[in-house]
Number of protein chains: 2
Amino acid sequence: MTDFRPQQPGEIPSDATVPKVVVSRISLYLRELQRLEAAGQQTISSSQLGTLLGFSDAQVRKDLGFFGQFGYPGVGYRCDELIHAMRDILGTNHAWPVVMVGVGNLGQALLGYRGFGRQNFAIEAAFDADPAKVGQTIQGVRVQHIDELPAVVKEKGIRLGMLVVPAQRAQEAADRLVAAGIEGIVNFAPVTLTLPPHVQSVSVDLAIELEQLSFAVTSKLAKIVP
Amino acid sequence: MTDFRPQQPGEIPSDATVPKVVVSRISLYLRELQRLEAAGQQTISSSQLGTLLGFSDAQVRKDLGFFGQFGYPGVGYRCDELIHAMRDILGTNHAWPVVMVGVGNLGQALLGYRGFGRQNFAIEAAFDADPAKVGQTIQGVRVQHIDELPAVVKEKGIRLGMLVVPAQRAQEAADRLVAAGIEGIVNFAPVTLTLPPHVQSVSVDLAIELEQLSFAVTSKLAKIVP
DNA sequence: TGTTGTGAACTACTTCACAGCA
DNA sequence: TGCTGTGAAGTAGTTCACAACA
């Protein structure tokens, strides 16, 4: 290997402000690259990668340009290098322990979802307030009482949590996560959480996804601009 | 009631092209309004609604302005009227039957999720290729063999589908949905589907949500611009 | 030749600010 | 007065287009 050009891999130019949408595309690039590498492909150009995901070549290059220079003119990008660089960017070159709060239907299914491990996330502990659930072991994870959350978070140095409780209990559970020291929350409840500014969150609202389709399929007139 | 101002409720000015992000905020407005109405609130101003969801008042008014005039100057919006109007916009004033393909862990959990019904979606049929699953009844839905998909879709006039199969089978399953006449797909597999242009899709990638948090929490330097 | 990296141009989205209405 | 609806102004994101390089 000649020169690994991202001088400080994963380091971001200190004045950079990266649009959210760019970060989400980085995740898509990573996912696709992992597939390509598994299929034995060594290098890829911005236009190939873009075509696979439905983006323009310029978009791919601009997005990567937020974080450094990773390509070889005339050649493209080396899949292995780019995968490593993008995991550095996303922070997933090391494993992330995650807590889950709420072990209902959906929570139990998520405990068994393999995709998290593939991207280096591991659900280390699960919590519920229901005494009937506490003590059970689901998908290899023992369910603990919610009161134990702060101790576990502290002991294991956990920074991320998944919130999988019913809507009416979501804010209170979020407050507990915040109090325990969690810094980022994936919220599966269909409510907008009120959080202190140092805590990040992303929401997954399953019904909203269907509503978007309902709109798209219904409205013959209005084209959805992507 | 004096005049119901959205002249043709739900009808969209024929030259309108509505940005995707606007439609997703409409869903959020609707969700919040449903909560407010359930709590007994009769009217709401754009700034109140915006504050609850973290948007500006102008944003709320502009978004609604894509679809018509719904407000009363000096007063705000009537919750009940606005809920009705937004359901007209999204197409959810009538119930949507939905098919599910793939009844694994996650699929079974989604079959039991109450949030779909609340927004007027009903999973009418579920399909799997695994003979061990076919014939079971899960959450009140009988699992049928995937080969029966086209007949059921046609018979019940179903237009939307949820794809909940492993990544390596997602494209093939999507092709089956398309062949059966489905027009919109919620894709839970972590792959980008190739679909004909008349078929809409939205993707839910659970690992990507965690990656976004990992990035946000990791990068002290780069602020995520919302 | 093929492909990157990147300013410049363009497009899309958001916020401002205010006329008009109740 | 309070609040909507909406052009105008401003900001953010995307695409263009080309110099530089392998």
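Residue numbering restarts at 1 for every chain, and letters A, B, ... go by the order of the sequence lines.
Rounding to whole angstrom units, OH of residue A:Tyr29 and P of C:dT4 are separated by 12 Å. If you take CG of B:Asp57 and P of C:dT15, they are 9 Å apart, rounded to a whole angstrom. Atom CG in B:Leu82 sits about 14 Å away from atom C1' in D:dG5, given to the nearest Å. Rounded to a whole Å, the CZ atom of A:Arg78 is 17 Å from the P atom of C:dT3. Note: CD (A:Glu81) to C1' (C:dT4) measures 14 Å, nearest angstrom. If you take CG of B:Leu49 and C1' of D:dC3, they are 14 Å apart, rounded to a whole angstrom. The CG-P distance, from A:Leu64 to D:dT14, rounds to 13 Å in whole Å. Atom pair A:Gln69:CD and C:dT3:P shows a separation of 18 Å (rounding to whole Å applied).
Between A:Phe116 and A:Tyr113, the ring planes lie perpendicular to each other; the angle is over 60°, past the 30° to 60° tilted range.
The nucleotide whose nearest atom lies closest to any side-chain atom of A:Tyr77 is, among C:dT4, C:dG20, D:dC16, C:dT4. Side-chain proximity of A:Pro19 to the nucleotides C:dT3, D:dG13, C:dT15 is greatest for D:dG13. For B:Pro73, the side-chain atoms get nearest to D:dT4 when compared with the rest of C:dT15, D:dT15, D:dT4.
Side-chain contact, A:Glu32 with B:Thr192: no donor N or O sits under 3.5 Å from an acceptor N or O. In the model, A:Glu211 has a side-chain atom that pairs as donor or acceptor with a side-chain atom of B:Ser27 under 3.5 Å. Defined by atom type and a distance below 3.5 Å, a donor-acceptor pair is missing between the side-chain atoms of A:Tyr29 and A:Gln34. With no hydrogens or angles considered, no side-chain donor-acceptor pair links B:Thr43 and B:Arg78 at under 3.5 Å.
Look at A:Ser46 and you'll find a side-chain N or O under 4.0 angstrom from OP1 or OP2 of C:dT4. The phosphate of C:dC18 (OP1 or OP2) has no side-chain N or O of B:Arg61 nearer than 4.0 angstrom.
In this model, a side-chain donor or acceptor of B:Lys62 finds a partner on the base of C:dT15 within 3.5 Å.
Of the two residues contacting DNA chain D, namely A:Gln59 and A:Gly74, the nearest-nucleotide position lying further toward the 5' end is that of A:Gln59.
Terminal axes of the helix from C:dT1-D:dA22 to C:dA22-D:dT1 (five pairs each, C1' rotation axis) are separated by 10°, to the nearest 10°.
The only option from A:Arg176, A:Arg169, A:Gln168 that meets the side chain to side chain donor-acceptor pair (under 3.5 Å) definition with A:Glu172 turns out to be A:Arg176. Exactly one of B:Leu206, B:Asp205, B:Ile208 qualifies for a side chain to side chain contact (heavy atoms under 4.5 Å, CB included) with B:Pro190. That residue is B:Asp205.
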